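Working notes for the structure below.
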Amino acid sequence: MFSPVHRFRDIERKPEYLHPEKCIPPPRPGSLGTMWFIRDGCGIACAVITWLLVVYADFVVLFVMLIPSRNYIYSTINGVIFNSLAFLALASHFRAMLTDPGAVPKGNATKEFIESLQLKPGQVVYKCPKCCSIKPDRAHHCSVCKRCIRKMDHHCPWVNNCVGENNQKYFVLFTMYIALISLHALIMVGFHFLYCFEEDWTECSSFAPPTTVILLILLCFEALLFLIFTSVMFGTQVHSICTDETGIERLKNENPTWEKLGSWEGMEAAFGGSFSLNWFNPFKSVDSKPDLLRATTVSGAASGGGGAEGCAERCAEAREADGSEEVKA
């Protein structure tokens with residue numbers, strides 16, 4: 001466990017190194033609306049492909065396997081389950097794509113804003129030279145979003161957004177529901193092939209036998225591929241939450257300079273409260289109440305001691321690797 005003094009950084013830099021006069025003041029809150037959407041061609045294409053693949057899977061499940069079936073109970077139960085999971089998957093994708101992942105206000109590294117923080121002598125703040133913002137602890141700059149993102153795990157083109165502090169829940173739910181519908185589709189394809197082998201192929205589907213086989217094989221390939229991919233992503237995200245370490249921090253092998261949460265505490269923080277059905281509800285928002293001073297003032301004056309100095313050195317190395325600039329009050 002780290003005491004507050006272990007989070008202090010004492011880095012000797014001249015205030016002029018921050019160049020606050022070169023930053024453009026951020027727009028007033030609400031002037032750009034509350035809509036968050038990344039205008040990236042590759043990400044938009046990947047997001048559209050994701051939706052089309054889910055629609056294709058739903059088409060094959062309904063019109064090739066379930067509707068032609070003479071077992072109405074089997075068709076109804078599986079149709080409701082599959083479409084419910086598909087709806088939740090697309091809703092989770094929608095929320096992950098259009099939710100602000102935790103972007104730091106752009107261009108707030110102005111002289112007036114820094115003075116408003118009322119930093120104590122020796123306190124250090126970090127500036128991202130790319131988006132000209134005061135950078136909180138554990139924030140990283142995304143070259144696609146062109147913003148610094150709090151607790152950024154990675155940028156995912158499939159949701160056309162970063163996975164960060166505010167939308168990690170929706171990304172986890174998206175991978176979970178896609179994995180579930182992929183597994184469900186694989187099971188139904190297996191049963192349908194057995195049914196068609198036992199019965200006449202002309203009666204087990206509304207399409208011609210060659211068309212039915214092609215559609216089922218494509219669905220089987222899609223489901224198997226996405227089952228593996230989303231299961232790995234789901235496991236990786238849950239592991240990151242439980243260890244309180246983002247993918248970028250793990251990739252850069254950063255030494256923790258923050259007080260880590262326990263596994264269950266991390267899950268409650270990521271999913272917005274104590275365990276309940278709302279954990280699995282993509283329409284339930286995660287309450288985020290950031291402390292402005294804590295979010296922007298990421299360090300204080302070291303009072304001495306080898307532990308604080310070692311922490312300062314590790315923090316300095318991490319920030320230099322990330323291209324951040326420091327200023328000491």
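The structure presented is a predicted model; accordingly, all values stated were derived computationally and were not measured.
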If only atom types and distance count, is the side chain of [X] paired as donor or acceptor with the main-chain N or O of [Y] below 3.5 Å?
X: Asp100; Y: Ala103; result: yes
X: Trp279; Y: Gly272; result: no
X: Thr175; Y: Val172; result: yes
X: Tyr177; Y: Phe280; result: yes
X: Asn160; Y: Cys46; result: no
X: Asn161; Y: Leu98; result: no

One pair to check against side chain to side chain contact (heavy atoms under 4.5 Å, CB included): Tyr56 and Leu215. What are the steps and the verdict? CA-CA 9 Å; Tyr56 169 77; Leu215 291 174; 3.7 Å; yes
Chi angles and distances behind the side chain to side chain contact (heavy atoms under 4.5 Å, CB included) call for Ile181, Asp58: CA-CA 10 Å; Ile181 65 173; Asp58 194 46; over 6 Å; no
Between atom [atom1] of [X] and atom [atom2] of [Y], what is the distance when rounded to the nearest 0.5 Å?
X: Lys146; Y: His141; atom1: NZ; atom2: NE2; result: 8.0 Å
X: Asp153; Y: Glu249; atom1: CG; atom2: CD; result: 8.5 Å
X: Lys106; Y: Cys128; atom1: NZ; atom2: SG; result: 9.5 Å
X: Ser69; Y: Tyr195; atom1: OG; atom2: OH; result: 5.5 Å
X: Leu180; Y: Phe82; atom1: CG; atom2: CZ; result: 11.0 Å
X: Ile149; Y: Arg138; atom1: CD1; atom2: CZ; result: 14.5 Å

Lys/Arg N to Asp/Glu carboxylate O, Asp244 vs Lys151, below 4.0 Å: yes
Just wondering, are more than 12 heavy atoms of other shown residues or ligands nearer than 6.0 Å to [atom1] in [X]?
X: Tyr74; atom1: OH; result: yes
X: Ile73; atom1: CD1; result: no
X: Leu277; atom1: CG; result: no
X: Phe283; atom1: CZ; result: yes
X: Phe193; atom1: CZ; result: yes

Begin with the C-alpha distance, continue with both residues' side-chain angles, and end with the deciding distance and a verdict on side chain to side chain contact (heavy atoms under 4.5 Å, CB included) for Val61 and His184. CA-CA 10 Å; Val61 167; His184 190 201; over 6 Å; no
Could you verify whether a donor N or O on one side chain and an acceptor N or O on the other, from Ser240 and Arg250, lie under 3.5 Å apart? yes
Tell me whether the rings of Phe174 and Phe171 are parallel (<30°), tilted (30 to 60°) or perpendicular (>60°). tilted
Would you please classify the geometry between the His93 ring and the Trp51 ring as parallel, tilted or perpendicular, with 30° and 60° separating the classes? perpendicular
Can you find a heavy atom in the side chain of [X] that is under 4.5 Å from one in the side chain of [Y]?
X: Leu173; Y: Leu88; result: no
X: Ser285; Y: Arg95; result: yes
X: Gln237; Y: Val163; result: yes

Looking at every non-hydrogen atom in both residues, tell me the closest pair between Lys135 and His140 and how far apart they are. CE-CA, 4.0 Å
Between Trp158 and Ile49, is the side chain to side chain contact (heavy atoms under 4.5 Å, CB included) condition met? List the steps. CA-CA 8 Å; Trp158 296 105; Ile49 291 173; 4.2 Å; yes
